[in-house]
Amino acid sequence: MADSDQKPASAGSFDYVIVGAGTAGCVLANRLSADPKTSVLLLEAGGRDNYIWIHIPIGYLYTQNNPRTDWCFKTEAEPGLNGRALNYPRGRVLGGCSSINGMIYMRGQARDYDQWRQMGNPGWAWDDVLPYFKRSQDHAHGASDAHGAGGEWRVEEMRLTWEILDAFREAAAELGIPKTDDFNRGNNEGCGYFQVNQKRGVRWSTSKAFLRPAMARSNLKVMTGAQVKSIRLDGARVTGVEFWQGDAVHAAEARGEVILATGAVGSPQLLQLSGIGPGDLLRQHGISVRHELPGVGENLQDHLQIRTVFKVRNTRTLNERANRLIGRIGMGLEYFLFRRGPLTMAPSQLGAFAKSDPSFDTPNLQYHVQPLSLDKFGDPLHPFPAFTASVCNLRPTSRGHIRIKSADPRAHPSIRPNYLATPADRSIAAAAIRLTRRIAAAKALVRFEPEEFRPGAALQSDADLAKAAGDIGTTIFHPVGTCKMGPDDMAVVDERLRVRGVEGLRIADASVMPTITSGNTNSPVIMIAEKCADMAREDASA
């Protein structure tokens, strides 16, 4: 029997059906099922998070671009990247991206959220969202005005330092980028080691933090290997979803709401497949338009990191240690005996937030600095000692999109980030490389004799540096904005995350961000899910 001819088997009726057990979905499942009178179904297309490399921090090397844990998306060939296409990792496992990401705890800047409010989204200013960040936080240094303790989301210090990174921090200070020990007070300007979502040297995902404690509840049902194929509608009212589990098709009824938590790629794709989105696109693929929403899949924003590399002398970096058998054995023993050493490393250890131009009120650049180098992600480390200073424009003006390429729910959509498409973004890319060169030339780094390897010191003009940024730039895995929140015609959800013109449907993931936050996006998604759960409960009881 063809899939389209199968009569879906009933998976039951629930107050809430949550699509996606990633970063946001795990939080939602915990908060909404806390009321024993509320029934919740959580659907995850991927499997359980029982793969060893999820839990060892350095294991992101083996979870990204691995179909066991990653959707393995790719972008289209990008003109701004000189025709290159990029791998576009998105978590496909319990915990989602929090099970495969860089583990960096970052909120962004107060101005990000104040701007959301100014764009017509009341309730989303910094003072509104800070209590939600603090609610779920378990900060290693305890509670304070800025931080929470006792929550589910563990935040700890890095468990190793590097001489070359300490020197980079000193060099940044020489250029007026102050030292800081906390990027999460509202203005993240400065340079310091990132804090990470780990617990004693082990990755701390939202599956561990939020979902596992809730799974014993009889009112929460979790189904893995369950890929949602469409949202069911009765007129303008969402009634549930249809999904595959294996080759069988099931239907789950939502008495209250369906909440999409499938991310900046998955949520617009599922809406479009269900007939909610730009009419011309849907008709092009033979999909009946159930509700015209032109903004679905538009407004894609992402952070492009420009990976500058400098060879060094008179110090050790991970390159030499990882390229020697005895070094790898030592790293393994250090981790398994003490939960310390390079295997606890996030992809980036040292961070810096700086301004490409003094006219900016707050930093518009973020550095991820690493005591290692390689040609591209997945390649071997270089045989020479080196560090990488990746720098990204925190607030790109380029906008891309996510659009289905067929009516087949199992087909990947077209992903076009449109990197470096504007003169402003190209100008900031060139300025970022110049700032990195000034840091590398500071006195604190002189004894390490840094020599620019990428993009190469011969490149000097703005045009050459912008082109080089397209050659060495890659995603830092922060896609947002494709179902943006707002009051305008291109907005997909309102300030309560309800899909405009559709009843019983909300979205709670990075796709609702109207503009990208000034930093890593995982913990802001947790905040969004916390706030969504509160609003869903409030509206249900109104």
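Computed over heavy atoms, backbone and side chain alike; hydrogens, waters and symmetry mates excluded.
Side chain to side chain, N188 and Q109 meet the donor-acceptor criterion of an N or O pair below 3.5 Å. For the 3.5 Å distance criterion, the side chains of D234 and T239 fail to qualify, holding no donor opposite an acceptor. Remark: the T262 side chain and the S267 side chain contain an N/O donor-acceptor pair separated by less than 3.5 Å. No donor-acceptor contact under 3.5 angstrom links the side chains of Q349 and Q370, judged on distance only. Side chains of Q137 and R107: a donor-acceptor N/O pair is present below 3.5 angstrom, by distance only.
Shown here for I259 and A508, the closest heavy-atom pair between the two residues is CG2-CB, 4.2 Å. Across all their heavy atoms, F353 and G519 have their closest contact at CE2-CA, 4.4 Å. Of all the heavy atoms in V17 and A252, the pair that sits closest is CG2-CB, 4.4 Å. Considering all non-hydrogen atoms of both residues, C26 and A21 come closest at SG-O, 3.4 Å. Scanning both residues, A29 and L211, for their nearest heavy atoms gives CB-CD1, 4.1 Å. When all heavy atoms are compared, the tightest approach of L32 to A536 is CD2-CB, 4.4 Å.
At least one side-chain heavy atom of V265 sits under 4.5 Å from a side-chain heavy atom of P413. The side-chain heavy atoms of T69 and W53, taken from C-beta on, include no pair separated by under 4.5 Å. In this structure the side chain of F73 never reaches within 4.5 angstrom of the side chain of R92, judged on heavy atoms. Residues R154 and Q198 are not in side-chain contact: their nearest non-hydrogen atoms beyond the backbone lie 4.5 Å or more apart. Using a 4.5 Å cut-off on side-chain heavy atoms (C-beta onward), S518 and R395 make contact. S99 is not listed as a side-chain neighbour of T63, based on a closest heavy-atom distance of 4.5 Å or more. At a threshold of 4.5 Å between non-hydrogen side-chain atoms, the residues L42 and E44 do not count as touching. Contact annotation: the side chain of Y113 never approaches that of L130 to less than 4.5 Å [non-hydrogen atoms, C-beta and beyond].
Atom CG of residue N101 and atom CZ of residue R90 lie 9.0 Å apart, to the nearest 0.5 angstrom. Summarising the geometry, atom OH belonging to Y88 is positioned 10.0 Å from atom OG1 belonging to T474; distances are rounded to the nearest 0.5 Å. A distance of 6.5 Å separates CD1 of I528 from CE of M485, quoted to the nearest 0.5 Å. Note that OG of S348 and OH of Y193 are 12.5 Å apart. Values are rounded to the nearest 0.5 Å. The structure places CD1 of I276 at 11.0 Å from CD1 of I287, a figure rounded to the nearest 0.5 Å. The distance from the CD atom of E152 to the CD atom of E530 is 7.0 Å, given to the nearest 0.5 Å.
Cation-pi geometry between R410 and W244 is met: under 6.0 angstrom from the ring centre, within 45 degrees of the axis. A cation-pi geometry, defined here as NZ or CZ lying under 6.0 Å from the six-membered ring centre and within 45° of its normal, does not hold between R185 and F183.
Of the charged side-chain nitrogens involved, none lies within less than 4.0 Å of a carboxylate oxygen, so that R399 and E298 do not count as a salt-bridged pair. Taking a cutoff of 4.0 Å between a charged side-chain nitrogen and a carboxylate oxygen, R117 and D127 do not qualify as a salt bridge. Using a cutoff of 4.0 Å between basic side-chain nitrogens and carboxylate oxygens, D539 and R496 are scored as salt-bridged. A salt bridge does not link R159 to E334: none of the charged nitrogens lies less than 4.0 Å from a carboxylate oxygen. Ion pairing of R283 with D280 is present here, as a side-chain N (NZ or NE/NH1/NH2) and a carboxylate O approach within less than 4.0 Å.
Side-chain atoms of D509 come within 3.5 Å of backbone N or O of G263 as a donor-acceptor pair. Proximity of a side-chain donor or acceptor of Q272 to a complementary backbone N or O of I404 within less than 3.5 Å is detected. The closest donor-acceptor contact from the side chain of K531 to the backbone of G123 lies under 3.5 Å. Between the side chain of N121 and the main chain of W116, a donor-acceptor pair closer than 3.5 Å is present. N184 places no side-chain N or O within donor-acceptor distance of the main-chain N or O of A146, the cut-off being under 3.5 Å. Between the side chain of K134 and the backbone N or O of A143, no donor-acceptor pair lies under 3.5 Å. Without hydrogens or angle criteria, N522 side chain to I104 main chain gives no donor-acceptor distance under 3.5 Å. A donor-acceptor distance shorter than 3.5 angstrom exists from the side chain of D138 to the backbone of G150, with no hydrogens or angles considered.
Only one option out of T517, V480, N418 pairs with Q301 in a side chain to side chain contact (heavy atoms under 4.5 Å, CB included); it is V480. D49 pairs in a salt bridge (charged side-chain N to carboxylate O under 4.0 Å, His left out) with only one of the listed residues (R203, R212, K208), which is R212. When the options V238, V493, V296 are evaluated for a side chain to side chain contact (heavy atoms under 4.5 Å, CB included) with V499, the one that passes is V493.
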**OP:** Show your working on side-chain hydrogen bond (donor to acceptor under 3.5 Å, both in side chains) between S39 and D15 and close with a plain yes or no.
**Re:** CA-CA 5 Å; S39 59; D15 293 308; 3.3 Å; yes

Original post:
Going through the distances and angles, do Q195 and E156 end up as a side-chain hydrogen bond (donor to acceptor under 3.5 Å, both in side chains)?
Top reply: CA-CA 6 Å; Q195 293 173 337; E156 296 186 351; over 6 Å; no

**OP:** Take M119 and T515 through the test side-chain contact (heavy atoms from CB on, under 4.5 Å) and record every step on the way to the result.
**Re:** CA-CA 10 Å; M119 295 171 73; T515 53; 4.0 Å; yes

Subject >> Criterion side-chain hydrogen bond (donor to acceptor under 3.5 Å, both in side chains) on K74 and H412, from CA distance to verdict >> reply: CA-CA 9 Å; K74 287 185 77 75; H412 288 180; over 6 Å; no

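Few gaps surround CG on L337; more than 12 heavy atoms of other groups in view lie less than 6.0 Å from it. Atom OH of Y51 sits in a crowded spot, with more than 12 heavy atoms from other residues, nucleotides or ligands closer than 6.0 Å. For R255, the CZ atom is densely surrounded, since the number of other residues' heavy atoms within 6.0 Å is greater than 12. Within 6.0 Å of CG on N50 lie more than 12 heavy atoms contributed by other residues, nucleotides or ligands. When the shell of 6.0 Å around CZ of R111 is examined, it contains more than 12 heavy atoms from other residues, nucleotides or ligands.
Considering only residues two or more places apart in sequence or on other chains, H139 meets the ring pair (Phe, Tyr, Trp, His ring centres under 6.0 Å) condition with H141, H147.
Among residue pairs with one or both ends in residues 476-491, those qualifying as side chain to side chain donor-acceptor pair (under 3.5 Å) are H303-H478, K484-D488; sequence neighbours excluded.
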